[in-house]
Amino acid sequence: MNTIKQQLLSDLSVAKTAEQIEQVRIKYLGRKGIVTNLAKETDFSKFTSEEKKNFGQQLNDLKDFTTSQITLVAEQVKSSETDSAAILRLIDPSVPGSSGSLGSLHPITMVQLELEQIFEGMGFSVLDSPEVETEFNNFEAINIPKDHPARDMQDTFWLKNDLVLRTHTSANQVRTLRRFGVPVKAIFPGRCFRYESIDPSHENTFYQCEGLMVDEGVSVANLIGVMKTLLSEVFRRDVKVRLRPGFFPFVEPGFELDLNCMFCGGVGCPTCGDGWIELIPCGLVHPKVLEFGGVDPAKYSGFAFGLGLTRLAMMRFGIRDIRHFNAGDVRFYEQFAPVL
Ligand code: DAH
């Protein structure tokens with residue numbers, strides 16, 4: 001009888017539908033079923049009354065076992081069938097699908113990542129740097145002493161304890177020299193702050209990307225070479241630039257590298273004014289800055305630049321108003337999301 005039980009369980013384990021279970025029931029409990037036959041075909045006349053009693057008992061157990069196992073499996077199959085039927089009723093395949101909206105990187109982040117890649121290709125390291133700076137790093141260490149008129153050029157958010165919200169990424173120059181020594185080739189992109197009134201081309205919060213290269217024999221030729229590589233990679237075509245002398249206390253000589261305005265082609269428009277966009281102020285690192293960084297200016301020289309990352313993003317994507325970047329209007333950012 002145990003063999004029959006095992007056989008039954010294995011038959012039930014493969015029965016997946018009500019119909020298959022009914023077949024199992026017939027196989028065991030039907031008119032000619034295995035269990036039914038067992039009772040019919042046994043010759044009770046040869047049994048003692050004790051044996052009859054035992055056998056009858058076992059036979060009843062087998063019948064009960066068979067019936068209960070079949071009922072159990074039948075119920076399981078029934079409920080799983082109704083579950084999937086219920087789920088199917090909930091799905092309406094005629095309803096149009098809804099696609100989730102994909103977020104996007106901020107356009108400035110996109111340009112920043114692109115710049116990082118270009119500079120890394122030229123062997124520069126990419127450094128992180130603090131937005132809250134010491135007055136020393138932001139001004140004094142880069143040759144802007146307390147009474148220097150250049151401090152007027154930068155309306156500064158002053159904090160307590162001689163700390164400032166950095167007004168430019170140049171604040172990280174001397175830290176970098178002190179920390180890494182020379183030779184060094186690094187860029188440090190990041191957010192800067194100035195207490196300015198806001199208009200289509202001025203913001204109180206904007207991004208720059210500072211670059212610094214110091215080694216033996218670095219000259220203006222290296223500076224121009226790096227700037228040219230950079231701009232042709234960013235704009236993927238020849239761009240018109242002009243180099244003008246510029247004054248910054250931390251470089252000597254200093255230059256202004258301007259980019260021909262891409263909106264108006266150089267004739268003048270509200271974004272650029274006179275047809276040129278001031279993009280990359282740069283120059284050779286002032287000997288005093290090298291000294292503050294612990295570098296011997298008799299042996300080493302270098303160049304630095306402070307690229308307007310926000311401005312570059314405006315040029316790159318044709319954004320005419322700087323205020324969009326920080327306004328937090330999702331419709332603006334969505335335009336930069338990848339197309340699915
Ligand atoms: N720090 C300057 C500013 O924000 C920009 C600048 C000018 C950076 C010349 C430089 C440089 O590295 O060489 O106005």
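Just follow the structure's listing: the first ligand is 1, and inside any ligand the first atom is 1. Quantities reported herein were computed from a predicted structural model and do not represent experimental measurements.
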Would you be so kind as to tabulate the donor-acceptor pairs closer than 3.5 Å made by side chains of residues 300-307, with sequence neighbours excluded?
{"unit_1": "Ser301", "atom_1": "OG", "unit_2": "Val218", "atom_2": "N", "d": "3.1"}
{"unit_1": "Ser301", "atom_1": "OG", "unit_2": "Val218", "atom_2": "O", "d": "2.8"}

List the atom pairs, donor and acceptor, that lie under 3.5 Å between side-chain atoms in residues 251-261 and the rest of the protein, sequence neighbours left out.
{"unit_1": "Asp258", "atom_1": "OD1", "unit_2": "Arg244", "atom_2": "NH2", "d": "3.2"}
{"unit_1": "Asp258", "atom_1": "OD2", "unit_2": "Arg242", "atom_2": "NE", "d": "2.8"}
{"unit_1": "Asp258", "atom_1": "OD2", "unit_2": "Arg242", "atom_2": "NH2", "d": "3.1"}
{"unit_1": "Asp258", "atom_1": "OD2", "unit_2": "Arg244", "atom_2": "NE", "d": "2.7"}
{"unit_1": "Asp258", "atom_1": "OD2", "unit_2": "Arg244", "atom_2": "NH2", "d": "3.0"}

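Heavy-atom contacts of Cys282 reach the following atoms of ligand 1: 9 (C), 11 (C), 13 (O) (cutoff under 4.0 Å). Atoms of ligand 1 found under 4.0 Å from any heavy atom of Gln173 (numbered from 1 in listed order, with element): 12 (O). Ligand-side atoms of ligand 1 in range of Gln208: 3 (C), 4 (O), range being under 4.0 angstrom from any heavy atom.
Only the side chain of Phe248 comes within contact range of ligand 1, with a heavy atom under 4.0 Å; no backbone atom does. Heavy atoms from both the backbone and the side chain of Ala304 come within less than 4.0 Å of ligand 1.
Counting protein heavy atoms only, atom 3 (C) of ligand 1 is closest to Arg194 NH2, 3.5 Å. Annotation: atom 5 (C) of ligand 1 to nearest protein heavy atom, Pro281 CG, 3.6 Å. Taking atom 11 (C) of ligand 1 as the reference point, the nearest protein heavy-atom neighbour is Phe250 CE1, 3.5 Å.
When His286, His168, Glu210 are checked for heavy-atom proximity to atom 12 (O) of ligand 1, Glu210 turns out nearest.
With respect to the salt-bridge test (charged N to carboxylate O, under 4.0 angstrom), the residues Lys53 and Glu50 do not qualify. Taking the charged nitrogens against the carboxylate oxygens, Lys146 and Glu140 do have a contact shorter than 4.0 Å, which makes a salt bridge.
Within the 6.0 Å centre-distance limit, the rings of Phe136 and Phe292 are counted as a close aromatic pair.
Inspection of the His324 and Asp321 side chains reveals no N or O donor paired with an N or O acceptor under 3.5 Å.
Taking the six-membered ring for Trp and thresholds of 30 and 60 degrees, Phe332 and Phe336 have ring planes more than 60 degrees apart, a perpendicular arrangement. The aromatic rings of Phe247 and His148 sit parallel to each other, their planes meeting at less than 30°, with 60° as the upper class boundary.
The closest approach between a heavy atom of Phe303 and any atom of ligand 1 is not below 4.0 Å. Residue Gly283 places a heavy atom less than 4.0 Å from ligand 1.
Between Val251 and ligand 1, not a single N/O pair is under 3.5 Å apart.
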